[in-house]
Novice: 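Let me give you the structure first, and then I'll get to my questions.
Along the sequence shown, the residues carry numbers beginning at 1.
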Amino acid sequence: MSQIITKQNFDSSCIQIEILNEKLIKPSLPTPNHLNSYKLSFFDQIAPNFAVPLLYFYPPVPPEKSRLQNTEASDIHAQLQNSLSEVLTKFYPLAGRLSQDGTSIECHDQGVIYLEAKVNCQLNEFLDKAYKDTDLVKLFVPPIRIRLAELPNRPMMAIQVTMFEHGGLALAVQIVHTLGDGFSGCSITDEWAKVSRMEKGNARNLQFRSDLAKVFPPRDNIFEMIKKGRPRGYEMKIASRIFMFDEIAISKLKENVNKSLSYSSRVEVVTALIWRSLMRVVRLRQGHNRPSMLQFAMNLRGRGDPKLVGEDQNFFGNFYLDIPIKYVPSHINQDPELHEIVSLIREAKNKVLSNIANASSEEIFSIVIDSLNQIREGYNDDEIDLYPTSSLCRFPLNESDFGWAKPIWVSRVNVPFQMFFLMDSKSGIEARVCLNEDDMIKLEYNADIVEFSYVPK
């Protein structure tokens with residue numbers, strides 16, 4: 001097959017990707033009959049209705065420094081496909097298909113899509129543009145729709161490996177959110193990398209649990225319990241920017257916050273700074289402060305009651321909670337202190353953790369639905385500004401070495417609504433912010449953003 005995808009870049013140059021081949025990669029061993037039906041949990045049921053791509057960019061590596069015998073494109077593809085096939089023996093639901101009733105995955109080793117592609121530029125040329133034109137990374141995402149409504153008889157996972165001119169490659173891993181959250185997606189890629197590094201048999205010895213549905217079974221009529229609503233921005237023109245916070249800036253932020261608090265984390269201070277900056281942008285637009293809500297995604301692994309979920313909580317699938325964190329201004333023109341925002345985030349997280357610490361499955365279900373409905377109420381209230389946020393910091397992203405090098409950049413993609421993402425970078429934390437275009441202009445000149453972050457050149 002051959003398919004060409006192009007984008008006219010901001011400098012009038014044309015980046016062109018050609019899809020050369022498409023394959024279905026199946027598990028190297030057949031899935032046992034007793035595992036042919038993988039039940040979804042209620043966390044999977046309420047997961048967003050889209051696929052989640054992550055992109056890993058790898059530099060050219062001289063053959064003598066590679067752990068592969070040959071760094072030709074055909075050999076790299078063969079190595080990746082063979083190791084992916086082995087990994088799928090453990091993560092067998094990835095190679096399955098969603099059942100017609102949407103409550104389980106039919107695991108008959110149907111396979112995942114693997115695309116071989118090439119691009120008409122060098123990696124350094126692309127990276128020079130990608131930090132400025134943040135939509136460019138979408139070119140490397142598999143051009144395959146795998147939305148939930150289309151899933152029966154469709155692949156749950158798609159891979160695209162794109163070779164750059166003169167070496168280097170982009171690896172895009174796209175998994176439908178119904179089957180896994182950010183932690184699952186990062187962990188799968190990390191384990192795939194370990195197998196690709198010739199750690200033979202590693203995939204069959206993983207300790208990932210696939211029985212979350214036994215603890216949190218799917219619910220009938222679950223969507224009748226959830227209010228309607230969707231993130232802000234679908235009706236707006238959304239602009240996206242990348243802001244980098246290096247460790248020096250993060251240390252200064254923590255030092256300032258810790259004058260009032262005993263401790264603050266990297267993610268807390270950067271999240272608080274961006275959120276407060278967004279509040280300031282709204283005040284510039286509206287002329288006064290408004291209530292604001294953060295939709296804060298928190299990984300629940302390791303935080304549940306061991307009597308309920310067991311000591312080992314390394315679950316495959318979705319196991320996170322979106323926490324609604326609401327800020328109500330006490331003054332119409334006065335900014336909150338940064339430590340106040342950090343305290344607000346911390347208190348909301350601690351309250352949830354306290355509530356679920358000894359909760360039953362039914363009680364946790366109620367907590368999740370109540371949190372989700374508070375967020376949906378925020379979506380539907382024009383007097384509240386609501387921003388979803390997600391962090392992949394401390395997840396195994398930048399260590400995913402398939403046998404030739406660690407990635408020099410790991411990226412998410414823009415979304416068509418207002419949201420911001422955090423990820424670890426080589427120098428600190430990278431924030432990808434998607435925002436109303438008019439507000440983005442103001443955000444770029446916000447004093448805190450200017451002082452503590454920079455836009456990569």
Novice: Val257 and Leu338: which non-hydrogen atoms are nearest, and at how many Å?
Specialist: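 Nearest pair, atom of Val257 first, then Leu338: CG2-CD2, 3.8 Å.
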Novice: How are the rings of Phe57 and Phe164 set relative to one another: parallel (under 30°), tilted (30 to 60°) or perpendicular (over 60°)?
Specialist: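 Taking Phe164 first and then Phe57, their aromatic rings sit tilted (interplane angle of 30° to 60°).
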Novice: Given Tyr379 and Gln295, is the side chain to side chain donor-acceptor pair (under 3.5 Å) satisfied, shown in steps?
Specialist: CA-CA 10 Å; Tyr379 286 150; Gln295 178 183 336; 2.3 Å; yes
Novice: Take Leu300 and Val309, measure what side-chain contact (heavy atoms from CB on, under 4.5 Å) needs, and give me the verdict at the end.
Specialist: CA-CA 11 Å; Leu300 295 180; Val309 295; over 6 Å; no
Novice: For Ile175 and Leu179, which heavy atoms make the closest approach, and how far apart are they?
Specialist: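 Looking at all heavy atoms of both residues, the shortest contact is CG2-CB, 4.4 Å.
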Novice: Could you check whether any side-chain heavy atom of Ile46 comes within less than 4.5 Å of a side-chain heavy atom of Ile226, counting everything from C-beta outward?
Specialist: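 Yes; the side chains approach each other to less than 4.5 Å.
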Novice: Determine whether Phe420 and Val270 satisfy the following criterion, side-chain contact (heavy atoms from CB on, under 4.5 Å), listing intermediate values before the conclusion.
Specialist: CA-CA 11 Å; Phe420 64 93; Val270 173; over 6 Å; no
Novice: Quick one: which of Tyr58, Phe140, Tyr131 gives a ring pair (Phe, Tyr, Trp, His ring centres under 6.0 Å) with Trp409?
Specialist: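 It is Tyr131; the other options fail the test.
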Novice: Taking Arg285 first and then Asp438, would you say they form a salt bridge - that is, a charged N and a carboxylate O separated by under 4.0 Å?
Specialist: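 The answer is no: the pair does not qualify as a salt bridge.
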Novice: On a heavy-atom basis, which atom in Pro336 and which in Ile341 lie closest, and how many Å separate them?
Specialist: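 Taking every non-hydrogen atom into account, CG-CD1, 3.7 Å.
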Novice: If the threshold is 4.0 Å, N to carboxylate O, is there a salt bridge linking Glu268 and Lys349?
Specialist: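 So Glu268 pairs with Lys349 through a salt bridge.
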Novice: Before you tell me yes or no, could you show the steps for Ile19 and Gln160 under side-chain contact (heavy atoms from CB on, under 4.5 Å), namely the whole-Å CA-CA distance, both residues' side-chain angles and the distance that decides it to 0.1 Å?
Specialist: CA-CA 9 Å; Ile19 306 295; Gln160 181 173 316; 3.7 Å; yes
Novice: If we check side chain to side chain contact (heavy atoms under 4.5 Å, CB included) with Thr134, which of these qualifies: Arg412, Arg432, Arg241?
Specialist: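 In the set Arg412, Arg432, Arg241, the residue that makes a side chain to side chain contact (heavy atoms under 4.5 Å, CB included) with Thr134 is Arg432.
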